[in-house]
Amino acid sequence: MPVRTKLRKRGLDVDPLCPWCGIEEESIPHVLLECFCIRRVWFAVLGVHVTGATSFHASVLQILEGVGAEMVARFFTTVYAIWEARNACVFEDRELSIGAIMDRVRALEAFPRPTVLPRSSIHTGVATWNRPAAGWIKVNFDASVRRSMAGFGMVARDEEGMILAAVTLASVMMQSAGLAEALCLRWVMSLALELGFFNVCFETDSLQLFQWWRIRSRGCSYLDLIISDCRSLVSSFTLMDLLFVRRSGNTAADFLARGASSFAVWIEEGPPGLDTFVASDALASMPA
Ligand SMILES: [Zn+2]
């Protein structure tokens, strides 16, 4: 890329300084990642604080380590938008606008791209409840939002389909169903640990939550922070997994969430009415 330090190396008589900050020399890592004028873009887009690295290559490896395909795509889309803005600044004398760069990233991202999950794995979401494998506890959970009030419900069952615990929680003001599902996951993970469940497969009927979990997003929204809280709890379990089931397989948790009016705990039983759902799940999942 014809940044100013490279042009000078080749004998061109150009100003070596960064067109944005005018303080440091314009190298590839500087203008695309490290210039303080541009760091806000990186924080807003990927939630990363760019620190000085030895090379652009090293920085890219550092930023993209362990992130999913979606974030890798977003990273390079952002690099492209920054370079476009740099050229507009150098050749058309346009001022740097962080907002314009972010709008450009969003516009480029609106083009059709491969979906995050292959369609087949979305459809693997089974329609009925399944018993956990031997030694595992299955925790179904759900959040229900009505008139900005959220109800959380969870039911833990063993490999026989018997209730180990059922818990409800009523919560105040919830901005969105997505946020409620993420908060519910964090709640249910902490709760499982308090109840002494260490080999747990959690099961949600929120495809959105399941995908957030799978994407390994490193954004900086409130939601990303909740998901990252959840990840930090993973190491407290011996074995932990998050599964997706269709709504028809999560009716017991849905029943608890809808009826949640306070914090309530039942051990080895549930509130009146839960039996019906649990019995039908146990029947449907009877080993052949
Ligand atoms: Zn600069």
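One-based numbering, in listed order, for ligands and for the atoms of each. Quick note: numbers below take in every heavy atom, side chains included, and nothing from hydrogens, waters or symmetry partners.
Considering every non-hydrogen atom in both Ala166 and Leu256, the closest pair reads CB-CD1, 4.1 Å.
Checked by atom type and distance alone, the side chain of Thr128 never pairs as donor or acceptor with a backbone atom of Gly249 at under 3.5 Å. The backbone N or O of Glu84 lies less than 3.5 Å from no partner atom in the side chain of Arg104, so there is not a single donor-acceptor pair. Put simply, the side chain of Arg131 gets close to the backbone of Ser285: a donor and an acceptor are under 3.5 Å apart.
Side chain to side chain, Arg258 and Ser144 fail the donor-acceptor criterion of an N or O pair below 3.5 Å.
Ring planes of Phe141 and Phe202: perpendicular class, angle over 60° (limits at 30 and 60°).
Protein atoms that are N, O or S and lie under 2.8 Å from the Zn ion (ligand 1) are these: Cys18 SG, Cys21 SG, His30 NE2, Cys35 SG.
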